[in-house]
Amino acid sequence: NLVLIVHGPGLYSLLAHLKQDSVVVKEGQFVRRGEVLGACGSSGRSPRPHLHVQFQGTERVGAPTLAAAFHEVIEAEAEGEHLFATFVPAEDNVVRNLDPQPDLERLFALPVGESLALTPAKGGAAETLEPEIDLYGNLLLREPALGATLWYENRAGLFVAWDTDAPPRSALADLLAALPRVPYDAGRDLIWRDVVAARAFRPWLLRMLRDWAAPFLPLGGYRMTYRMQRKGAELIVRGSSDLCDAAGTPLLASEAHLADGRGVTQIAVTHRGATRQWVRTSPPDAV
């Protein structure tokens with residue numbers, strides 16, 4: 001009534017109390033994420049149907065457990081559903097997996113060779129972002145005129161923007177602040193937390209000094225709360241920092257709009273009272 005998976009030297013996961021005769025894998029079989037192993041049941045010493053999951057350091061059934069957390073878990077709470085990057089369930093928690101939706105994933109499709117242009121709403125030169133893949137298979141957005149790059153990933157139901165070397169007040173820097181991580185989930189009013197690095201808002205000299213001292217100082221950043229709202233074919237993602245000024249206004253706030261068939265259509269980022277807004281000006285048939 002159990003399946004033991006070998007992940008690597010000294011790392012095993014055990015799934016037990018499975019439904020009788022429901023296991024569909026065989027000893028020695030390689031399995032991948034998302035593959036069905038068996039059905040939840042109530043076999044063995046089980047007071048009720050459930051799935052026993054544990055990580056352990058040896059292949060012995062009943063071996064001591066290793067501390068572990070689940071990734072990308074959505075918990076239902078009184079004020080709504082919250083997405084957690086890592087989560088250790090407690091008694092009475094109501095949780096679920098991400099439920100990725102193809103229509104949301106299409107909003108973040110950035111085909112290589114199809115650039116997009118973002119233009120400041122208050123006037124100024126457009127910045128052209130060009131999707132690329134490097135020799136290591138990493139996904140990139142480049143702004144050739146600035147010599148800037150944003151590294152991102154589309155994975156397991158999420159868009160994740162990892163980092164950028166773009167200057168402050170640029171489209172790539174604001175894209176990282178507005179959309180650092182977005183789930184392709186079916187929930188219409190999902191809430192999640194993230195951190196936006198403060199270095200993205202510092203001048204080059206301060207960046208260099210901060211990077212030099214980084215090994216000796218705690219990482220600096222804005223702890224953010226993001227909420228997404230779906231309006232027909234449009235997705236709106238809003239973010240606000242925990243840190244506020246004396247009037248209670250968040251020091252960093254963002255709003256991004258994405259539309260079906262176009263992807264990002266506009267981004268607005270407000271930092272310490274100064275707002276920058278970008279509007280997509282590339283052809284409507286670009287993704």
Side-chain angles (χ1 to χ4, degrees), residues 69-77 79-89 95-101 104-105 107-108 110 138-141 149-166 168-202 207 210-211 214 217-230 235-245 249-258 263-264 266-272 275-276 278:
F70 293 95
H71 288 241
E72 312 304 344
V73 174
I74 295 175
E75 181 186 15
E77 297 181 347
E79 65 271 26
E81 290 192 317
H82 289 244
L83 171 67
F84 294 90
T86 59
F87 189 82
V88 179
V95 299
R96 68 174 177 87
N97 291 327
L98 278 174
D99 184 13
Q101 302 297 298
L104 292 183
E105 188 170 0
L107 296 180
F108 293 86
L110 296 166
N138 299 314
L139 300 175
L140 318 171
L141 271 178
T149 302
L150 180 142
W151 292 266
Y152 72 95
E153 188 175 358
N154 278 319
R155 61 176 178 86
L158 288 166
F159 172 84
V160 182
W162 290 112
D163 197 7
T164 182
D165 60 2
R169 297 178 294 281
S170 66
L172 284 180
D174 288 341
L175 183 66
L176 178 64
L179 299 170
R181 186 166 61 107
V182 182
Y184 308 141
D185 190 75
R188 301 192 67 85
D189 296 294
L190 198 60
I191 302 170
W192 65 94
R193 304 269 293 164
D194 215 315
V195 177
V196 174
R199 70 187 299 274
F201 301 94
R202 294 189 179 111
R207 277 196 192 190
R210 184 62 178 79
D211 290 347
L217 297 174
L219 293 175
Y222 292 101
R223 296 190 178 276
M224 304 282 293
T225 297
Y226 290 91
R227 292 174 169 83
M228 73 179 190
Q229 181 183 13
R230 298 180 69 176
L235 177 70
I236 304 172
V237 180
R238 296 183 176 93
S240 60
S241 64
D242 292 353
L243 287 175
C244 298
D245 59 19
T249 303
L251 294 184
L252 178 62
S254 65
E255 183 172 314
H257 291 244
L258 301 97
V264 175
Q266 58 179 297
I267 293 173
V269 173
T270 301
H271 182 236
R272 296 182 180 273
T275 300
R276 295 181 301 278
W278 301 85

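In this structure, CG in D185 is found 4.0 Å from CZ in R96, a value given to the nearest 0.5 Å. Put simply, CG on L179 and CG on L258 are 6.0 Å apart, with the number rounded to the nearest 0.5 Å. Remark: R276 CZ to T270 OG1 distance equals 8.5 Å, nearest 0.5 Å. With rounding to the nearest 0.5 Å, the separation of CG in N97 from CD1 in I74 is 8.5 Å. With rounding to the nearest 0.5 angstrom, the CG atom of D174 is 11.5 Å from the CG atom of L150. To the nearest 0.5 Å, atoms OG1 (T249) and CZ (R272) are separated by 12.5 Å.
Within the 4.5 Å cutoff, side-chain heavy atoms of E72 are placed close to those of L83. A heavy-atom distance below 4.5 Å is not found between the side chains of V182 and L104.
Judged as a side chain to side chain donor-acceptor pair (under 3.5 Å), and not counting sequence neighbours, Y226 has no contacts. Under the rule for a side chain to side chain donor-acceptor pair (under 3.5 Å), the partners of E255 that lie at least two apart in sequence or sit in another chain are R238, H257. Under the side chain to side chain donor-acceptor pair (under 3.5 Å) criterion, R223 pairs with no residue at all, not counting sequence neighbours. Residues satisfying the side chain to side chain contact (heavy atoms under 4.5 Å, CB included) criterion with T149, sequence neighbours excluded, are L140, R142, W151, D165. Take R230 and apply the salt bridge (charged side-chain N to carboxylate O under 4.0 Å, His left out) test, not counting sequence neighbours, and it matches D103. Partners of F159 under the ring-ring contact (aromatic ring centres under 6.0 Å, His included) rule, at least two apart in sequence or in another chain, are F108, Y152. Scanning for side chain to side chain contact (heavy atoms under 4.5 Å, CB included) contacts around A186 gives D99, Q101, with sequence neighbours left out. For V88, the side chain to side chain contact (heavy atoms under 4.5 Å, CB included) partners two or more places apart in sequence, or in a different chain, are A69. The salt bridge (charged side-chain N to carboxylate O under 4.0 Å, His left out) search around E153 returns R155, not counting sequence neighbours. F84 meets the ring-ring contact (aromatic ring centres under 6.0 Å, His included) test with F87; sequence neighbours excluded. With sequence neighbours excluded, no residue forms a side chain to side chain donor-acceptor pair (under 3.5 Å) with S240.
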L158 vs L98, side chain to side chain contact (heavy atoms under 4.5 Å, CB included): CA-CA, chis, key distance, verdict = CA-CA 9 Å; L158 288 166; L98 278 174; 4.1 Å; yes
Evaluate side chain to side chain contact (heavy atoms under 4.5 Å, CB included) for L141 paired with L175, printing each intermediate quantity in order.
-> CA-CA 11 Å; L141 271 178; L175 183 66; 3.7 Å; yes
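For A178 against I267, the heavy-atom pair with the smallest separation is CB-CG2, 3.8 Å. The two residues W278 and A171 make their nearest non-hydrogen contact at CZ2-N, 3.3 Å. Taking all atoms of both residues into account, the shortest heavy-atom contact from A166 to A173 is CB-N, 4.1 Å.
In terms of modelled atom types and a separation under 3.5 Å, the side chain of S241 and the main chain of L252 share a donor-acceptor contact.
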Please list, one pair per line, the donor and acceptor atoms closer than 3.5 Å that link side chains of residues 189-197 to other protein atoms, with sequence neighbours excluded.
| unit_1 | atom_1 | unit_2 | atom_2 | d |
| --- | --- | --- | --- | --- |
| W192 | NE1 | R181 | O | 2.8 |
| R193 | NH1 | T225 | OG1 | 2.7 |
| R193 | NH1 | D242 | OD1 | 2.8 |
| R193 | NH1 | D242 | OD2 | 3.3 |
| R193 | NH2 | D242 | OD2 | 2.7 |
| D194 | OD2 | R181 | NE | 3.2 |

